[in-house]
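Here's the structure we're looking at; comments come further down.
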Amino acid sequence: MCNQTRYLIFFQYIGTKYSGAVKVPPHQLGKKGVQDHLEDAIRRLRPLNPVSLSISSRTDRGVHALSNSAHFDLQRKNDKPLFTEDVLVEALNFHLKDEEIRELDVGAMSEAATVLAGTHDFSSFRAVNSDLPFKNPVKTLDVARIHPGRAFVCEHFHREIPFWEFTFRSKSFLYKQVRRMTGALVAVGQGRISLGELKEILEARDSLAYPPNIVAPACGLFLTRVDYNQSDLLPSPQTSTAASDG
């Protein structure tokens, strides 16, 4: 009885924490590709043959996939029957469940957002640049809100993936202020910093007080719109005078 067969599987992933689709060389410790996790899941099915997955399409670090595919051969022990399609999918998904996206404490993040809202000296939330001596660090954050988002990819995934939107509204922002505020709120949601520590960072009024390695990446940030007051559109007196003098 031949109990070995070749399977073609289709899979999706959020690529943020993976080093691409294919497996990572052994010398790159602490890094894994999607293939590494899939092969680990297949090994948990205890096949007789060595596990080797052939990925159809490579993707780079951080790239997501709505539908990638791969094939592999699997031989079961003791002449056990072949896995049916449904059983194989259920088994692989079960062994991949530890790779789910880490949960966030959205309640804590929302509470942290209220700490940032209002008028504050945001020196701790600006990065050092050449404009540092000339920019007033006191800003009024009119809106700091976290709410469920609706990314276009949601309808294409076969499982519910929560997307969250961060909205900040102010007349102006300091250099990298939005990225630092976003990173700090995510860190609170992950339990990496406490609400009390966030308050201490804000009250320190020092860019060096901001913890390293929690700044949100630029990807994923949107400038949604720029609003003007009617008075902002009127020419200044200096401009009018200069025009009449000309």
Atom CZ of Arg58 with >12 non-hydrogen neighbours under 6.0 angstrom: no
Heavy-atom closest contact (Ala112 atom, Leu195 atom, distance): CA-CD1, 3.5 Å
Joint hydrophobic cluster, Val51 plus Leu38, side-chain heavy atoms closer than 4.5 Å: yes
For the student: nearest non-hydrogen atoms of Tyr7 and Leu88, plus distance: CD2-CD2, 3.4 Å
Asn213 CG: over 12 foreign heavy atoms closer than 6.0 Å: no
Shortest non-hydrogen contact between Leu198 and Phe125, atoms and distance: CD1-CZ, 3.9 Å
side-chain contact (heavy atoms from CB on, under 4.5 Å) evaluation trace for Gln190 with Leu104: CA-CA 5 Å; Gln190 294 174 329; Leu104 297 174; 3.5 Å; yes
Shortest non-hydrogen contact between Ser57 and Ala21, atoms and distance: O-CB, 3.9 Å
Pairwise distance CZ(Arg44) to CD(Glu39) - rounded to 0.5 angstrom: 13.0 Å
Approximate separation, where rounding is to 0.5 Å, of Arg102 CZ and Lys17 NZ: 10.0 Å
Verdict with supporting geometry, Ser110 and Thr114, side-chain contact (heavy atoms from CB on, under 4.5 Å): CA-CA 7 Å; Ser110 297; Thr114 64; over 6 Å; no
Residue Arg205 excluded, over 12 heavy atoms near CZ under 6.0 Å: no
Contacts of type salt bridge (charged side-chain N to carboxylate O under 4.0 Å, His left out), residue Asp142, not counting sequence neighbours: none
Donor + acceptor pair across side chains of Ser123, Asp206 (<3.5 Å): no
Residue of the set Asp73, Leu74, Leu82 for which side-chain contact (heavy atoms from CB on, under 4.5 Å) holds with Thr5: Leu82
Criterion side-chain contact (heavy atoms from CB on, under 4.5 Å) on Asp36 and Tyr18, from CA distance to verdict: CA-CA 10 Å; Asp36 293 295; Tyr18 301 120; over 6 Å; no
Test log, rule salt bridge (Lys or Arg N to Asp or Glu O under 4.0 Å), inputs Asp227 and Arg169: CA-CA 10 Å; Asp227 296 325; Arg169 186 182 303 153; 5.3 Å; no
For residues 180-188, which side-chain N or O atoms pair as donor and acceptor with protein atoms under 3.5 Å away, sequence neighbours left out?
unit_1: Arg180; atom_1: NH1; unit_2: Ser124; atom_2: O; d: 3.1
unit_1: Arg180; atom_1: NH1; unit_2: Arg126; atom_2: O; d: 3.4
unit_1: Arg180; atom_1: NH1; unit_2: Ser207; atom_2: O; d: 3.3
unit_1: Thr182; atom_1: OG1; unit_2: Val178; atom_2: O; d: 2.8

Contact summary for Ile201 and Ala209, nearest pair of heavy atoms: CG1-O, 3.9 Å
Atom pair OH (Tyr210) and CD1 (Ile193), whose distance is rounded to the nearest 0.5 Å: 7.0 Å
Shortest non-hydrogen separation from Arg76 to Leu48 and the atoms involved: O-CD1, 3.5 Å
Residue among Leu141, Val143, Thr119 satisfying side-chain contact (heavy atoms from CB on, under 4.5 Å) with Ser170: Leu141
Any donor-acceptor pair under 3.5 Å from Gln35 side chain to Val22 backbone: no
Flag for Ser172-Lys139: side-chain donor and acceptor within less than 3.5 Å: yes
Approximate separation, where rounding is to 0.5 Å, of Ile55 CD1 and Phe72 CZ: 11.0 Å
Evaluation steps, side-chain contact (heavy atoms from CB on, under 4.5 Å), between Phe11 and Leu92: CA-CA 10 Å; Phe11 52 95; Leu92 290 180; over 6 Å; no
Of all pairs that satisfy ring-ring contact (aromatic ring centres under 6.0 Å, His included), the ones with a partner from residues 164-183, not counting sequence neighbours: none
Pro137 vs Phe122 side-chain heavy atoms within contact, under 4.5 Å: no
Straight-line distance of His64 NE2 to Ile14 CD1, nearest 0.5 Å: 5.5 Å
Sub-4.5 Å side-chain heavy-atom contact between Pro47 and Gln75: no
